[in-house]
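Side chains are part of it too, since the values below use all heavy atoms of this structure and drop only hydrogens, waters and symmetry mates. Chain letters run A, B, ... following the sequence lines, proteins first, then strands; residues in each count from 1.
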Number of protein chains: 2
Amino acid sequence: MVTGWFHLNHRSGIPLYLQLKEQIKTAVAGGVLKPGDRLPPVRELALKLTVNPNTIVRAYSELERDGLLSSEQGRGTFVRAAEPLLGVEERKIQVQGLIDKVLVEAFNLRLTTEELKKLWEERLQAWEVRLREGKGADR
Amino acid sequence: MVTGWFHLNHRSGIPLYLQLKEQIKTAVAGGVLKPGDRLPPVRELALKLTVNPNTIVRAYSELERDGLLSSEQGRGTFVRAAEPLLGVEERKIQVQGLIDKVLVEAFNLRLTTEELKKLWEERLQAWEVRLREGKGADR
DNA sequence: AATAATGTATCAATGTATTAATACAATTAT
DNA sequence: ATAATTGTATTAATACATTGATACATTATT
């Protein structure tokens with residue numbers, strides 16, 4: 001069960017629902033969770049992670065708002081298979097903003113353009129490999 | 001004076017000191033503010049932006065903690081010229097984390113690798129141009 | 001039809017973040 | 001020396017975020 005993938009640090013200072021959101025997003029982006037896959041029921045996951053069910057609800061519903069998940073009362077919560085909520089342009093703008101943040105941070109940390117390009121290539125390739133491996137296996 | 005570069009939105013929901021931090025960081029990364037340049041005194045900038053002086057203080061001192069600025073009592077606050085506080089490896093790890101965030105977001109927004117690469121190239125070039133132009137001009 | 005499983009909604013308690021008011025300390029300018 | 005300029009420190013008011021307790025609504029199972 002996918003439950004095992006999640007674990008929360010109660011003393012990190014980072015809100016529990018944010019930790020969970022991040023882990024779900026990473027799992028979906030990396031193909032660990034695929035469109036149509038079901039997530040654990042809120043109570044079950046709450047027990048497993050020893051948090052209040054509302055904390056799970058918050059993570060799930062914010063991800064639903066963002067178009068990543070889809071919850072149906074009485075049935076469960078699933079990874080959304082449908083199209084993204086935003087148009088291509090809007091999505092690109094969102095990613096551009098994140099890229100700019102990387103650039104600002106990198107330059108202020110005095111990384112050279114070369115170092116930065118290398119880091120980018122490395123991480124991009126790491127994810128491409130991860131995605132390629134994820135395809136097909138249902139785990 | 002560099003004061004004119006900053007402007008705060010009091011109704012955006014984003015904390016004022018964070019808005020200011022972001023603008024200072026962007027100005028330094030883009031070469032608008034150069035090492036050794038002086039920032040406006042806290043009271044002056046507070047008046048200009050119509051916020052409490054403590055709000056400016058908070059932005060300045062957090063950026064000092066991060067190694068970007070340097071404040072000296074009675075003298076003023078300046079863009080730090082010295083070496084970064086962290087070692088190269090630590091700085092790279094920090095940037096890697098941001099890059100991974102970009103990748104997670106991009107994949108979840110269903111951008112293709114091609115679209116993503118193109119966006120990266122575009123933004124990187126935009127900043128390189130900005131930096132090249134910034135060199136020499138004191139503005 | 002009844003029960004169990006699941007997501008939803010409402011409200012309260014608590015902690016944390018943000019901004020402000022005010023006084024203090026060091027440096028620079030006169 | 002004195003005053004002005006500048007950053008620093010302390011404390012408080014307020015709003016917001018986070019988590020929890022509890023009851024409700026819908027769907028699936030028996």
For this session: Return the set of residues passing salt bridge (Lys or Arg N to Asp or Glu O under 4.0 Å) with A/Arg80 (not counting sequence neighbours), or none when no residue passes.
Result: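 Checked A/Arg80 against salt bridge (Lys or Arg N to Asp or Glu O under 4.0 Å); zero matches.
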For this session: Kindly write out the residues that satisfy side-chain contact (heavy atoms from CB on, under 4.5 Å) with A/Thr112, not counting sequence neighbours, or none if the list is empty.
Result: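 Testing A/Thr112 for side-chain contact (heavy atoms from CB on, under 4.5 Å), a comparison that skips the adjacent residues, returns A/Glu114, A/Glu115.
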For this session: Can you tell me the distance, in whole Å, between the CG atom of B/Leu63 and the P atom of D/dT8?
Result: 13 Å
Exercise. Which letter, B, S or -, goes with each nucleotide of nucleotides 25-30 of chain C from 5' to 3', with contact meaning a protein heavy atom under 4.0 Å?
Worked result: BBSS--
For this session: Report yes or no: do A/Tyr60 and A/Leu68 belong to one cluster of Ile/Leu/Val/Met/Phe/Trp/Tyr joined by side chain heavy-atom distances under 4.5 Å?
Result: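 The answer is yes; both residues are in one hydrophobic cluster.
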Problem set entry | Close approaches to DNA chain D from residues 48-58 of chain A, in residue order (heavy atom, under 4.0 Å) |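 Within residues 48-58 of chain A, the residues near DNA chain D are A/Val51, A/Asn52, A/Asn54, A/Thr55, A/Arg58.
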For this session: Look up atom OG in A/Ser70 and atom CG in A/Leu63, then write down how far apart they are to the nearest 0.5 Å.
Result: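 The distance works out to 12.0 Å.
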For this session: Using the test salt bridge (Lys or Arg N to Asp or Glu O under 4.0 Å), find all partners of A/Arg110 that sit at least two apart in sequence or belong to another chain.
Result: none
Exercise. Residues two or more places apart in sequence or in another chain: which of them pass side-chain contact (heavy atoms from CB on, under 4.5 Å) with A/Leu98?
Worked result: B/Val102, B/Glu105
Exercise. With respect to the side chain of A/Arg38, which nucleotide from D/dG7, C/dT6, C/dG7 is positioned closest?
Worked result: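 Side chain of A/Arg38 sits closest to C/dT6.
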Exercise. Taking DNA chain C as the partner, which of residues 11-29 of chain B come within under 4.0 angstrom of it by heavy atom?
Worked result: B/Pro15, B/Leu16, B/Tyr17
Problem set entry | Closest to the B/Glu64 side chain, choosing from D/dT8, D/dG7, C/dT6 |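 Closest nucleotide among those given: D/dT8.
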Exercise. Under 4.0 angstrom, heavy atoms only, what part of the nucleic acid is A/Thr77 near: base, sugar-phosphate, or nothing?
Worked result: sugar-phosphate
Problem set entry | Rounded interatomic separation in angstrom, taking CD from A/Glu44 and P from C/dA4 |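 It works out to 18 Å between those atoms.
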For this session: Check whether any side-chain N or O of B/Ser71 sits under 4.0 Å from OP1 or OP2 of D/dG7, and answer yes or no.
Result: no
Problem set entry | Non-neighbouring partners of A/Gln73 that pass side-chain contact (heavy atoms from CB on, under 4.5 Å), sequence neighbours left out |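 For A/Gln73 there are no side-chain contact (heavy atoms from CB on, under 4.5 Å) partners, ignoring immediate neighbours.
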Exercise. With B/Arg58, which residues qualify under salt bridge (Lys or Arg N to Asp or Glu O under 4.0 Å), at least two apart?
Worked result: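 Once residues adjacent in sequence are excluded, the partners of B/Arg58 under the salt bridge (Lys or Arg N to Asp or Glu O under 4.0 Å) criterion are B/Glu62.
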Exercise. How would you list, by chain and number, every residue that makes a side-chain contact (heavy atoms from CB on, under 4.5 Å) with B/Val57, sequence neighbours excluded?
Worked result: B/Val42, B/Ser61
Exercise. What residues, two or more places apart in sequence or in another chain, satisfy salt bridge (Lys or Arg N to Asp or Glu O under 4.0 Å) together with B/Lys92?
Worked result: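 Salt bridge (Lys or Arg N to Asp or Glu O under 4.0 Å) check on B/Lys92 returns nothing, list empty.
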Exercise. A/Arg65 has an atom CZ; how far is it from atom C1' of C/dG7, in whole Å?
Worked result: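 A/Arg65 atom CZ is separated from C/dG7 atom C1' by 18 Å.
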For this session: Quickly work out the A/Glu62 CD to D/dA17 C1' distance and round it to whole Å.
Result: 11 Å
Exercise. Linking Ile, Leu, Val, Met, Phe, Trp and Tyr by side-chain heavy atoms under 4.5 Å, what else ends up with A/Ile93?
Worked result: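 When side chains under 4.5 Å apart are linked, A/Ile93 ends up in no cluster with other residues.
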